[in-house]
Amino acid sequence: MIKKISLAAAVLISILTFSVNVSARGSYLCELYDYADELYEDEIENIERRLEKTSEKTGLNLCVVVNNSIEGGEYTYQDYADVFYEENFGINTDGICLFIRFDPNYVHFSTSGKAQDYYNRHTDSILDSMVSDLRSHDIEGAVDNMCDDLEHYYKTDKMKWLIFGFAGLIIGIGIGIAVLFIVRSRYRKYAASGTVRYIDKSQTNFTESSDVFIRQYTSKVRISSESSSSGGGGSHTSSGGGSHGGGGRSF
């Protein structure tokens, strides 16, 4: 418990005291923090522009934080990235936080909200594209590769959903038209079969009536006793209470 509180405090202090630059568009969408002084001014400007471009294309919050003072292991780095994102953009909002640490070298790609649906299954590929640049301390190159991947996967996945949605709409319309024609043809076939119209009601006397059982319909619905759970593969809950996906590795 004390460790979680200390980690949250470290994140908050970092944000309040060491912010390099924040790019605002509406509410904050793009943030870059270099607590390790790894970046030159021109690199900072280039990274900011690229983050803004990718944010506009994907509609996601994007954050990059470089901090060599965070001690711990894989889960500490993961939680640091998760909580850092939450402190800047809110819990379970749509976005990504990229955490980078040198000596020891580690990178963590944290997803939140819709970003989990877009990128969780692509996490390994995204990390692969950054590792080579990070080994040579080329943070700008790594971020640029990450943004290329974010735009690519967002575009392709969105296109797939549009295609599936359009195909489903066409199939639905086709089924609806087919059912309509079938129903209309059946009504036409049996429309003239009634005999009541040929009987003079004034000459008809009913002397006996009775109820005759014809058939019985029974509907059955299975009620499952097991509770279902939702969530993508690799999702977890941070110490701040938000749901996150993604992953990280040493490099």
Side-chain angles (χ1 to χ4, degrees), residues 4-56 58 60-72 74-91 93-113 115 119 126-127 130-131 133-147 149-150 238-240 242 244 246-251:
K4 290 183 177 180
I5 294 175
S6 299
L7 181 60
V11 172
L12 184 58
I13 292 172
S14 296
I15 293 171
L16 291 177
T17 59
F18 295 103
S19 174
V20 171
N21 207 341
V22 176
S23 300
R25 194 176 298 273
S27 58
Y28 294 117
L29 290 178
C30 305
E31 299 190 0
L32 172 62
Y33 297 86
D34 178 19
Y35 305 129
D37 292 328
E38 294 280 350
L39 297 170
Y40 293 106
E41 190 64 32
D42 61 329
E43 292 177 315
I44 291 173
E45 293 175 358
N46 292 338
I47 291 174
E48 284 180 334
R49 280 195 297 267
R50 186 59 204 271
L51 291 176
E52 289 179 0
K53 177 184 175 182
T54 302
S55 180
E56 290 175 356
T58 61
L60 299 173
N61 300 317
L62 298 178
C63 176
V64 175
V65 52
V66 185
N67 194 335
N68 296 339
S69 64
I70 301 301
E71 300 295 337
E74 175 182 350
Y75 293 106
T76 301
Y77 301 147
Q78 170 184 285
D79 201 54
Y80 177 83
D82 294 343
V83 174
F84 198 95
Y85 177 89
E86 294 167 7
E87 293 288 347
N88 283 276
F89 304 114
I91 293 177
T93 57
D94 304 326
I96 290 166
C97 179
L98 179 67
F99 166 68
I100 301 169
R101 192 200 195 288
F102 294 104
D103 193 24
N105 297 337
Y106 196 87
V107 58
H108 190 86
F109 177 79
S110 173
T111 59
S112 175
Y119 304 115
I126 294 172
L127 290 172
M130 291 189 287
V131 166
D133 288 319
L134 289 176
R135 285 172 179 161
S136 59
H137 283 232
D138 183 4
I139 297 173
E140 181 183 347
V143 172
D144 198 49
N145 289 338
M146 178 191 72
C147 288
D149 287 340
L150 296 184
S238 73
S239 62
H244 296 268
R249 67 174 65 162
S250 300
F251 59 89

Should [X] and [Y] count as side-chain neighbours, where that means a heavy-atom distance under 4.5 Å?
X: Lys53; Y: Cys147; result: no
X: Asp149; Y: Phe109; result: no
X: Tyr106; Y: Ile70; result: no
X: Glu31; Y: Phe89; result: yes
X: Val66; Y: Phe102; result: yes
X: Ile126; Y: Leu150; result: yes
X: Asp103; Y: Asn68; result: no

[atom1]-[atom2] distance between [X] and [Y], expressed to the nearest 0.5 angstrom:
X: Arg50; Y: Ile47; atom1: CZ; atom2: CD1; result: 11.5 Å
X: Leu134; Y: Asn105; atom1: CG; atom2: CG; result: 8.0 Å
X: Asn61; Y: Asp94; atom1: CG; atom2: CG; result: 7.5 Å

(request) For Asn46, enumerate each residue passing the side chain to side chain donor-acceptor pair (under 3.5 Å) test, keeping only those at least two apart in sequence or located in another chain. (result)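 Side chain to side chain donor-acceptor pair (under 3.5 Å) check on Asn46 returns Arg49, Glu140.
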Shortest non-hydrogen contact from [X] toward [Y]:
X: Ser239; Y: Asp79; value: OG-OD2, 2.5 Å
X: Thr111; Y: Gly246; value: OG1-N, 3.3 Å
X: Asp82; Y: Ser110; value: OD1-OG, 2.5 Å
X: Tyr85; Y: Cys97; value: CB-CB, 3.8 Å
X: His108; Y: Ala81; value: CD2-CB, 3.9 Å
X: Ile91; Y: Gly242; value: CG2-CA, 3.5 Å

(request) Using side chain to side chain contact (heavy atoms under 4.5 Å, CB included) as the criterion, point out the one residue from Asp144, Leu98, Leu39, Leu32 that pairs with Ile139. (result)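 Only one of Asp144, Leu98, Leu39, Leu32 forms a side chain to side chain contact (heavy atoms under 4.5 Å, CB included) with Ile139, namely Leu39.
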(message) Taking Glu38 first and then Arg101, would you say they form a salt bridge - that is, a charged N and a carboxylate O separated by under 4.0 Å?
(response)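 Here Glu38 does not pair with Arg101 in a salt bridge, since their nearest N and O are not under 4.0 Å apart.
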Main-chain N/O of [Y] paired to [X] side chain as donor or acceptor, under 3.5 Å:
X: Ser55; Y: Leu51; answer: no
X: Ser136; Y: Asp133; answer: yes
X: Ser112; Y: Thr93; answer: yes

(message) So, applying side chain to side chain donor-acceptor pair (under 3.5 Å) with Asn67, which one of Tyr77, Tyr80, Tyr33, Tyr35 is it?
(response)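 So the option named by the test is Tyr80.
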(message) Please confirm whether the ring centroid of Phe84 lies under 6.0 Å from the ring centroid of Phe99.
(response)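 When the ring centroids of Phe84 and Phe99 are compared, they turn out to be at least 6.0 Å apart.
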(message) Can you see whether His244 engages Glu86 through a side-chain donor-acceptor pair at a distance of less than 3.5 angstrom?
(response)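 A pair is found: one side chain offers a donor N or O, the other an acceptor, under 3.5 Å apart.
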